[in-house]
Student: 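Below: one structure in structure tokens.
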2 protein chains.
Amino acid sequence: MFQALADPSRRGMIERLSHGPASVSELAAPLAMSLPAVVQHLQLLEASGLVKTQKIGRVRSCVLDATAMSQAERWIHQRRTGWERRLDRLGDYLNQTRDDDQIKGDKS
Amino acid sequence: MFQALADPSRRGMIERLSHGPASVSELAAPLAMSLPAVVQHLQLLEASGLVKTQKIGRVRSCVLDATAMSQAERWIHQRRTGWERRLDRLGDYLNQTRDDDQIKGDKS
DNA sequence: CAATTAGTTAAGTTAATACTTAACTATCAC
DNA sequence: GTGATAGTTAAGTATTAACTTAACTAATTG
């Protein structure tokens, strides 16, 4: 999933899809590459679960999958907050020992 | 930054760092690869801003950078919620027209 | 039904990644 | 100072990723 987010063209496609569903050619329009290249990116996005597609007639409609997006979001969030809680506890500890020092009458 | 998150070994290192600072060898320990390979991953993580390092004596200490983490988190969050708001508005619209239909006396 | 449009498949090329080993440089412990 | 520890640098290899073009299929449109 992060692999899929790693490429700027694919992030561009996701950005576009965050504004609403789009066909393959609509996704391709702003990108400076051939259609097959876009399709390959799209396949990766679909394999990662970030995008769902459905073919109606001859046009394939693509939409963002909010569930997969929030899954990636959560992974980062949990690592970040895990680390921040540690930082906070360290801060508390430092404040605690400083207070102790003051109570014991040490010079600050 | 997402490029840095794309590799499983690097995510492993981030996971480790979310539990607290670590030296290069501590990061390398659980990984089945040579030390230089780990250093290369670490350089990428540092270049991406996700990890900060500092060398004291002969050991390099690595810590997670919460700011960079939340930046990646926010990118995903904004695309996801942007899309979800669209979905909600669509839902409202459908409910609205259904209500209109009922008001107009159409059979459901 | 002929031409266009929308997308797909296959195959090949180039460039970037993820490693490796070997040799080297500091720092620390005795 | 000798030897072990922690990490670094350099250089090469092998796999993967990001494209390309060419040829094709299947829906529309005039």
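Keep in mind it's a predicted model, so treat the numbers as computed, not measured.
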Student: Taking atom CG of B/Leu87 and atom CG of A/Leu64, what is their separation to the nearest 0.5 Å?
Tutor: 9.0 Å
Student: Rounded off to whole Å, could you give me the CG-to-C1' distance for the A/Asp7 and D/dT16 pair?
Tutor: 13 Å
Student: Could you see if A/Leu42 belongs to whatever hydrophobic cluster contains A/Leu44? Use Ile, Leu, Val, Met, Phe, Trp, Tyr and a side-chain cutoff under 4.5 Å.
Tutor: no
Student: Is there a path of hydrophobic side-chain contacts, each under 4.5 Å between heavy atoms of I/L/V/M/F/W/Y residues, joining B/Val59 to B/Leu17?
Tutor: no
Student: Could you tell me which residues satisfy salt bridge (Lys or Arg N to Asp or Glu O under 4.0 Å) with B/Arg10, sequence neighbours excluded, listed by chain and number?
Tutor: none
Student: Going by atom types only, do B/Gln54 and B/Ser61 share a side-chain donor-acceptor pair under 3.5 Å?
Tutor: no
Student: Give the rounded distance in Å between these two atoms: CG of A/Leu45 and P of D/dA18.
Tutor: 11 Å
Student: Which of residues 8-21 of chain B sit near DNA chain C, with a heavy atom under 4.0 Å from it?
Tutor: B/Ser9, B/Arg10
Student: Looking at C/dC19, D/dT8, C/dT17, which one has an atom nearest to any side-chain atom of B/Arg60?
Tutor: D/dT8
Student: Sequence neighbours excluded, which residues qualify as side-chain hydrogen bond (donor to acceptor under 3.5 Å, both in side chains) partners of A/Ser34?
Tutor: none
Student: Please, which pairs that meet ring pair (Phe, Tyr, Trp, His ring centres under 6.0 Å) have at least one residue in residues 40-75 of chain B, sequence neighbours excluded?
Tutor: B/Phe2-B/Trp75
Student: Got a donor-acceptor contact below 3.5 angstrom from the B/Arg60 side chain to the B/Thr53 backbone?
Tutor: no
Student: Using atom CG of B/Leu27 as one end and atom P of D/dT8 as the other, report the distance to the nearest whole Å.
Tutor: 11 Å
Student: From the options B/Gln78, B/Arg74, B/Arg80, select the one residue that forms a side-chain hydrogen bond (donor to acceptor under 3.5 Å, both in side chains) with A/Glu73.
Tutor: B/Arg80
Student: Of the residues in residues 50-58 of chain A, which ones touch DNA chain C at a heavy-atom distance under 4.0 Å?
Tutor: A/Lys55, A/Arg58
Student: Between residues 34-42 of chain A and DNA chain C, which residues have a heavy-atom gap below 4.0 Å?
Tutor: A/Leu35, A/Pro36, A/Val39, A/Gln40
Student: Would you kindly give the CD-to-P distance between A/Gln3 and D/dT16, to the nearest whole Å?
Tutor: 12 Å
Student: Heavy-atom distance under 4.5 Å between the side chains of B/Met13 and B/Leu31, does that happen here?
Tutor: yes
Student: Could you check how far CG of A/Leu44 sits from P of D/dA18, rounded to whole Å?
Tutor: 7 Å
Student: Output yes when a side-chain donor or acceptor of A/Ser23 lies under 3.5 Å from a complementary backbone atom of A/Glu26, and no otherwise.
Tutor: yes
